[in-house]
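To keep things clear, I will list the structure first and then write my remarks on it.
Keep in mind that the numbers below use all heavy atoms, side chains included, and drop hydrogens, waters and symmetry copies.
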Amino acid sequence: MSPQEALARIRIEYERAAARHGAFNLGHEGYAVIREEFDELWDEVKSKDGLGRACEEAVQVGAMALRFLVDLRRETKRGAAPQAVEGAE
């Protein structure tokens, strides 16, 4: 899979999850969802079924990480959220 295909799959999953579940409200919520998806990825990696399902779980991990970045990007107790990287769009 190319990086472009992987990013496209992550974006599709991100949009599906955001429409279905709405935004994360707190960092703790985002962390818990990412952790759950990561644990599911780890379970698939350890299984004897190959990496097909693991790749699907990896897409979900990426999508939830993207939700975390998008939904929780705002001022924090530690200062402003990181700025966008120039040329990353």
Side-chain angles (χ1 to χ4, degrees):
M1 170 182 329
S2 71
Q4 293 80 10
E5 184 181 353
L7 289 171
R9 290 177 66 188
I10 289 169
R11 183 175 188 148
I12 290 167
E13 179 62 21
Y14 160 80
E15 290 172 351
R16 185 199 66 76
R20 185 172 182 179
H21 301 291
F24 291 145
N25 295 302
L26 300 169
H28 289 81
E29 177 188 11
Y31 168 81
V33 172
I34 292 168
R35 177 66 188 262
E36 177 184 355
E37 295 300 340
F38 189 79
D39 287 346
E40 291 173 6
L41 169 59
W42 180 231
D43 289 343
E44 291 300 326
V45 168
K46 293 183 295 183
S47 78
K48 297 182 183 346
D49 296 333
L51 291 180
R53 182 74 186 125
C55 289
E56 293 175 26
E57 292 296 340
V59 166
Q60 291 179 357
V61 170
M64 296 310 101
L66 180 58
R67 283 184 66 199
F68 189 98
L69 291 169
V70 171
D71 295 349
L72 301 174
R73 184 180 168 89
R74 57 181 165 256
E75 294 284 327
T76 67
K77 292 178 185 175
R78 297 182 188 137
Q83 299 300 311
V85 175
E86 189 173 318
E89 295 181 34

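- The shortest non-hydrogen separation linking V70 to Y14 is CG1-OH, 3.3 Å.
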**OP:** Check the pair E56, E44 against side-chain contact (heavy atoms from CB on, under 4.5 Å), reporting the backbone distance first and the verdict last.
**Re:** CA-CA 10 Å; E56 293 175 26; E44 291 300 326; over 6 Å; no

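- A distance of 13.0 Å separates OH in Y31 from CZ in F24, rounded to the nearest 0.5 Å.
- Shortest non-hydrogen contact noted between L66 and I10 is CD2-CG2, 4.5 Å.
- L41 approaches A54 most closely through the heavy-atom pair CD1-O, 3.1 Å.
- In this structure, L69 places its CG atom where more than 12 heavy-atom neighbours from other residues, nucleotides or ligands lie under 6.0 Å away.
- Counted within 6.0 Å of NE2 on H21, heavy atoms from surrounding residues, nucleotides or ligands total more than 12; the atom is thus considered enclosed.
- The minimum heavy-atom distance linking A17 with M64 is given by the pair CB-CE, 3.5 Å.
- Atoms CD and CG, on E57 and L51 in that order, are 12.5 Å from each other to the nearest 0.5 Å.
- Closest of all the heavy-atom pairs between A63 and E13 is CB-CG, 3.6 Å.
- Atom CG of L26 sits about 7.5 Å away from atom CG of L72, to the nearest 0.5 Å.
- Closest of all the heavy-atom pairs between I34 and F68 is CD1-CB, 3.9 Å.
- Atom CD of residue E29 and atom CZ of residue R67 lie 7.0 Å apart, to the nearest 0.5 angstrom.
- By the neighbour-count criterion of 12 heavy atoms within 6.0 Å, atom CZ of R35 is sparsely surrounded, having that number or fewer from other residues, nucleotides or ligands.
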